[in-house]
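Here the structure comes first, spelled out in structure tokens, and everything after it is commentary.
Nothing here was measured: the structure is a model prediction, and the numbers come from that model. All values below come from the heavy atoms of this structure, side chains included, with hydrogens, waters and symmetry mates left out. Numbering starts at 1 and runs along the sequence shown. In each ligand, atom 1 is the first atom listed, and ligand 1 is the first ligand listed.
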Amino acid sequence: MLSQPADNYSDKSADKKVSLVLFHNDLRIDDNATLLKAATLASANNGRLLCVYAQDLADTLADKKKGQDYSFKQMGAARQQFLYESLADLDKSLQGLGNRLLFLTAKAETLLEDSAAESDTFAQLCQLIEQQAVTDICVSQTADYNQNQAYTILQNKYPQISWHVQSINTLFMTLPTEELPKSFTQFRKKVETNHDLLKAESDFEICPTSKVLPPMPDAMINSMANSDKYFSANQKIAEKAQQEPDFKGSKTFKGGETNAFRHLNEYFNSDAPSTYKTTRNALDDWTHSTKFSAWLANGSLSVKVLLNRLRHYERDVMANESTYWIWFELLWREYFYWYALNHQQQLFWFKGIAQHEPTTCFDKIRLEQWQNGATSYPIVNACMHQLTQTGYMSNRGRQLVASCFIHELGLDWRYGASYFEQHLIDYDVGSNWGNWQYLAGVGADPRGCRQFNLSKQTQQYDPKGEFIKKWQGNKTD
Ligand SMILES: Cc1cc2nc3c(=O)[nH]c(=O)nc-3n(C[C@H](O)[C@H](O)[C@H](O)COP(=O)(O)OP(=O)(O)OC[C@H]3O[C@@H](n4cnc5c(N)ncnc54)[C@H](O)[C@@H]3O)c2cc1C
């Protein structure tokens, strides 16, 4: 439980600030300029700080639902578990700094069995803002169109509140080229030849970490002492975060900044970075690719911190084609971040950024076969079982199942992208929808459309059928 802060904070000062950090894909303390900004604003005049995570904030907004009947609503179990672990870890860290995380969710009843029906997340957030007389809201820049819509609605509803947006999930403060190049290769070349930041031998600049945070408003501290709904939810999240999922892999993902750092240390203290390029296409081995995606996606890990570790490895251990390739792949992530920001709702259009709609369509039976891993392609089925059970699939696997979805099954690519969104623990709006558009031939691929030969790919990546055997059924043992 949070102890009363030693500082002489008072809720009574007339001009005190109540700043609210609205966490989204920035679930960390380290290199978090958004949290620092909110803390600085609040501490300037003995103000108060609210740290809030509002799950599915944009889901209840009419704009999101409009035209998105391909969406799968409920978050998959593995993704939800990873999120709980991340939130529990963040709450623990905030507690160590003198604050707490308030968790708002429309699904409170699934966390708190005895709770009455809840209003939606957006309404809960509005209630909190009004009750606590919030003066400033701090958010991290996001490429998520729907989340940005929610921010705009909030801004319009509360014009008296000051908004502060920090860029913390990308390497660059603004688009690093004059305009977004049409292909990744053009983007990479421009960035690599023009950007001073990347030519430098030095590290990426990291934002200082807060050592202590201003406290929550008194009313919140009191309600926490009485274990009200916010903090009962925290308790439940902490309990759920303790549950060990039953995965077939010997090693798996565990959410939260603490685990992100643990993985960062393990990875760069191993030989794996120096062989990455030769192993990255494997279907199913923990060390064959970096496995940073999930922590990067929800912001438990800063991409700058990760790249600094890569640079240290290159300076102190070795630099080769493999270490360069980790950077290369992270540039794909950058590209799709700016792609999503640039194309906004076009990211979700059937015709994507192309001129014509694809000829594929919705078909319930074929969609369910794909989802359930019951197609006539064993490699695809195995990958789909892996996804629904663990929330992860290798990059090669994603390419194969997406190619099958579009070309062999002739399905509307948005259902596939939405199913990935539901299940992937590393779901990232730009990387997911951008890659699906790319494979469907309606995105940033100058070649138009990519189809993989599934039997050749099976021969190449699972010649002994071990991967297929491991993931052939729904059993978890
Ligand atoms: C259809 C499809 C959907 C995808 N959806 C997502 C998604 O929602 N979230 C996500 O993070 N990645 C997505 N990817 C990209 C890629 O598959 C994953 O980033 C990668 O498999 C994650 O494992 P890793 O961290 O071990 O990757 P590594 O191979 O170790 O790569 C290092 C990092 O580079 C980035 N990266 C690698 N490949 C790509 C790529 N093609 N596009 C963008 N970034 C990349 C990731 O941040 C990754 O962590 C998708 C790819 C496809 C084909």
Side-chain angles (χ1 to χ4, degrees), residues 25 76 79 82 143-144 169-171 184 187-188 249 251-253 260 263-264 267-268 272-273 275-304 306-307 309-310 322-340 347 352 370 380 383-384 386-387 390-407 411 413-445 450-452 457:
N25 289 333
R79 189 173 166 210
F82 190 80
D144 186 330
N169 286 321
T170 164
L171 291 173
F184 166 72
F187 173 79
R188 180 182 61 78
K251 247 187 149 168
T252 191
F253 296 86
H263 179 56
L264 195 68
Y267 187 74
F268 286 105
T275 54
Y276 169 77
K277 190 160 184 239
T278 54
T279 58
R280 58 179 281 272
N281 272 314
L283 289 169
D284 197 21
D285 189 295
W286 181 260
T287 57
H288 284 173
S289 63
T290 68
K291 303 293 186 295
F292 286 121
S293 57
W295 291 289
L296 285 172
N298 75 14
S300 311
L301 178 63
S302 147
V303 67
K304 289 185 187 167
L306 166 56
L307 275 170
R309 286 301 294 264
L310 178 63
S322 280
T323 55
Y324 169 76
W325 217 261
I326 297 174
W327 152 254
F328 178 97
E329 293 299 337
L330 285 165
L331 262 195
W332 268 108
R333 176 182 177 275
E334 287 292 320
Y335 181 64
F336 282 130
Y337 181 91
W338 296 106
Y339 182 90
L347 203 61
W370 181 82
V380 170
C383 288
M384 293 307 291
Q386 183 189 31
L387 172 66
T390 68
Y392 181 79
M393 193 193 293
S394 67
N395 185 55
R396 177 63 39 177
R398 295 179 205 204
Q399 289 177 316
L400 299 184
V401 305
S403 171
C404 173
F405 189 92
I406 296 156
H407 301 291
L411 290 164
W413 66 272
R414 293 171 305 165
Y415 289 85
S418 183
Y419 192 70
F420 267 29
E421 173 174 349
Q422 186 179 34
H423 288 280
L424 280 177
I425 53 169
D426 63 17
Y427 170 68
D428 169 84
V429 68
S431 298
N432 187 56
W433 292 83
N435 270 296
W436 271 94
Q437 284 200 351
Y438 186 92
L439 290 164
V442 295
D445 185 4
R450 308 247 165 177
Q451 180 168 16
F452 289 81
Q457 293 279 318

Can you report which non-hydrogen protein atom sits closest to [atom], along with the distance?
atom: atom 7 (C) of ligand 1; answer: D426 O, 3.6 Å
atom: atom 48 (C) of ligand 1; answer: S293 CB, 4.2 Å
atom: atom 33 (C) of ligand 1; answer: L330 CD2, 3.7 Å
atom: atom 3 (C) of ligand 1; answer: N432 OD1, 3.6 Å
atom: atom 45 (C) of ligand 1; answer: E329 O, 3.6 Å
atom: atom 26 (O) of ligand 1; answer: S289 OG, 2.6 Å
atom: atom 14 (N) of ligand 1; answer: R398 NH1, 3.5 Å
atom: atom 42 (N) of ligand 1; answer: N435 ND2, 3.0 Å

Counting only N and O atoms by type, is there a donor-acceptor contact under 3.5 Å from the side chain of [X] to the main-chain atoms of [Y]?
X: N432; Y: F420; value: no
X: N435; Y: S431; value: yes
X: Q457; Y: L400; value: no

Member of F268, W286, F253 meeting the ring-ring contact (aromatic ring centres under 6.0 Å, His included) criterion with H263: W286
N or O pair under 3.5 Å between Y392 and ligand 1: yes
Contact check: K291 vs ligand 1, nitrogen or oxygen atoms, below 3.5 angstrom: yes
Contact check, R280 vs ligand 1, heavy-atom distance below 4.0 Å: no
Y276 touching ligand 1 at heavy-atom level, < 4.0 angstrom: yes
Should you measure from each heavy atom of [X], which atoms of ligand 1 turn up under 4.0 Å away?
X: R333; answer: 43 (C), 44 (N), 47 (O)
X: F292; answer: 25 (O), 49 (O)
X: F336; answer: 42 (N), 43 (C)

Heavy-atom nearest neighbour of atom 16 (C) of ligand 1 within options T279, N395, D428: N395
Qualifying residue for side-chain contact (heavy atoms from CB on, under 4.5 Å) with I406, from L439, V401, L411: L439
Side chain proximity check, L296 to L330, heavy atoms < 4.5 angstrom: yes
Would you call the rings of [X] and [Y] parallel, tilted or perpendicular if under 30° counts as parallel and over 60° as perpendicular?
X: Y267; Y: F292; answer: perpendicular
X: W325; Y: F328; answer: parallel
X: W332; Y: F184; answer: parallel

Per-residue contact class, Y335 against ligand 1 - non-hydrogen pairs under 4.0 Å: neither
Any donor-acceptor N or O pair under 3.5 Å, side chains S289, K291: yes
Polar side chain donor-acceptor pair, W433 to Q437, under 3.5 angstrom: no
